[in-house]
Amino acid sequence: MLAVWLVAPAAVRAAEGVADPAALSLPGAATLAIFLTAVWAWVFTALDDTLVAFLAAVALILTGVLPAADFFAALGDETIWLLICACIIAAGVAASGLALRGAAQLVTRARTPRGLAHASTAALILSAFAIPATSGRAALALPVYRALAAALPGRAGLLRALGLIFPTVILLSAVASLLGAGAHLITSQILAEATGEGIGFLRWLVLGVPLAVVSSHLACELVLLLFTDRAERRAPVRITLAELAADAPTPVTGPLAPAERRALILLAAVITLWCTEPLHGLAPAVVALLGALAATLPAIGCITLKDAVKRVPWHLLLFLAATLALGGALTATGAAAWLGHTLLAPVSGLGAGAGIAFLLIVVAASLAAHLVIQSRSARSAALIPIIVAIAPGIGIDPVAAAFASTAAAGFCHTLPSSAKPVAMFTDPDAGAGIAPADLLRLSRWLAPLLFFLIVACALWLWPALGMPLLL
């Protein structure tokens, strides 16, 4: 029915040779029908998200909208290689034990529950620059949480709060780094195809770090207020390195091991080169490739190439390649622009207030999208092409609108299935004792907090940092 409604009128116009600038072209209608079918499958079926994306890409190829060469070229896209190499670097850092040692040093300095919670938050924020993708950071954080649980017997209330803080901060702090989530790479690539320029590592860092730090620590404080009482928050805590070492898979005491020193130097060098790209001109993917080679070279690196490759999230990479092709087709055929103008036609009639109304709708829709589309990357693949296509017509910078949407998409805390970090910490094996009702209670307060925070950043902070909202 969807295909008939969209494609049939366009096919009739094409057969009759009728040119209507306001109507969808036949390629645009076919692309939009395939795209909406993919969104429907992401929402209402149990099919794997990557499988759906590949089916959509194949449909675009068979209909002639997407050249097969363009689809296969997406697998070799610079964005894909950036993530591959970053994951290899992260595997080396994780294998060395450096990340676990750093987290242990922070949390053992805390003497109060509030201090412990905020020290854990700080450690999790820093991990966004060492481990790409939120699921990888959650996998690294779970042993730390279990070590804390073993060191805090009888503190069930505090442990439940920490079990909520860990996945919450992992998801919110991802916005600090371009590599923090696959959705960020999708956003940058769609912007590059639509406007000719994406968002580089340094610019994303400047825009994202303030929001990541403020939102993460506010969320941490919110969890403490909602899930611990005053007596619990006033009871002292004292965690020693020896207690954490008992359950840690790698050493957290004593001098740095040779592998840890190499990992620290490598990580510092890669991040420095990413942040100084304007000075040396090396593309982020090239820097990541050099770092990946250094991480796996014998006597220099921290892990073998064979082991590192096993930790690369190939499932995510294939999904990124397919959705990049789908997003490119939406933009190139004009389907995204037509759909956006059709859905938001009433907004464009608001005159001077259209831009602000559009921003509010974008942030609200992006915050709520996790209720219907579980994959963060799929949400950005569905929303960003439309947002980027219609933002200029309403007087909004497409980069600002896309960044606000991507930042808001980091909120996915309402259900255990909304994000992998949430699912990992709500699993009974994690021992956090988190119930679905706890997530709902947190989301009722966290969603409006994030809404106002992101809108405030878009209106005042990001323009001051060089990303104006209005054209």
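Since this is a predicted model, take the numbers as computed values, not measurements.
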Side chains of L191 and F403 in contact at under 4.5 Å (non-hydrogen atoms):
no
Check whether any side-chain heavy atom of T79 lies under 4.5 Å from a side-chain heavy atom of S188, and answer yes or no.
no
With no hydrogens and no angle check, is any side-chain donor or acceptor of W204 less than 3.5 Å from a backbone partner on V175?
yes
Verify, without hydrogens or angle tests, whether W81 (side chain) and A285 (backbone) share a donor-acceptor contact under 3.5 angstrom.
no
Under the 3.5 angstrom rule, does the side chain of W462 hit a backbone N or O of L207 as a donor-acceptor pair?
yes
With heavy-atom distances below 4.5 Å as the criterion, would you say the side chains of L142 and F166 are in contact?
no
Answer yes or no: is there a donor N or O on one side and an acceptor on the other, between the side chain of T426 and the main chain of A423, under 3.5 Å?
yes
Test item: V309 and I84 side chains (from C-beta on) under 4.5 Å apart, heavy atoms
no
Side-chain touch F451/L360, heavy atoms, less than 4.5 angstrom
yes
Could you check whether H315 and D49, counting side-chain N and O atoms only, form a donor-acceptor pair closer than 3.5 Å?
no
So, the side chain of R379 versus the backbone of A369: is there a donor-acceptor pair under 3.5 Å, distance only?
no
Exam field: side chain R137 to backbone L124, donor-acceptor pair closer than 3.5 Å:
yes
Side chain to side chain donor-acceptor pair (under 3.5 Å) partners of T406, counting only residues at least two apart:
T187
Can you confirm whether E277 sits close enough to L202 that some side-chain heavy atom of one is under 4.5 Å from a side-chain heavy atom of the other?
no
Keeping the roles fixed (side chain from T323, backbone from L320), state whether a donor-acceptor pair exists under 3.5 Å.
yes
Out of the candidates L36, T63, V65, only one should pair with T31 under the side-chain contact (heavy atoms from CB on, under 4.5 Å) rule; please name it.
V65
The test is side chain to side chain contact (heavy atoms under 4.5 Å, CB included); show your working for F129 and V209 and say whether it passes.
CA-CA 11 Å; F129 302 102; V209 166; 3.8 Å; yes
Contact between C412 and L171 at the side-chain level, heavy atoms closer than 4.5 Å - yes or no?
yes
Tell me whether the rings of F425 and Y145 are parallel (<30°), tilted (30 to 60°) or perpendicular (>60°).
perpendicular
Has S216 got a side-chain atom pairing as donor or acceptor with V213's backbone, closer than 3.5 angstrom?
no
Check whether H184 reaches the backbone of S177 with its side chain - one donor and one acceptor, N or O, closer than 3.5 Å.
yes
Looking at every heavy atom in both C302 and S96, which two are closest together, and how far apart are they?
CB-CB, 4.3 Å
Where the side chain of T304 meets the backbone of D307, is there a donor-acceptor pair that is under 3.5 Å apart?
yes
Listed by chain and number, what are the side chain to side chain donor-acceptor pair (under 3.5 Å) partners of H118, not counting sequence neighbours?
H217, E221
Mind checking side chain to side chain donor-acceptor pair (under 3.5 Å) for T195 and listing every partner two or more places apart, or none if nothing turns up?
none
Does the side chain of L461 reach to within under 4.5 Å of the side chain of P210, using non-hydrogen atoms?
yes
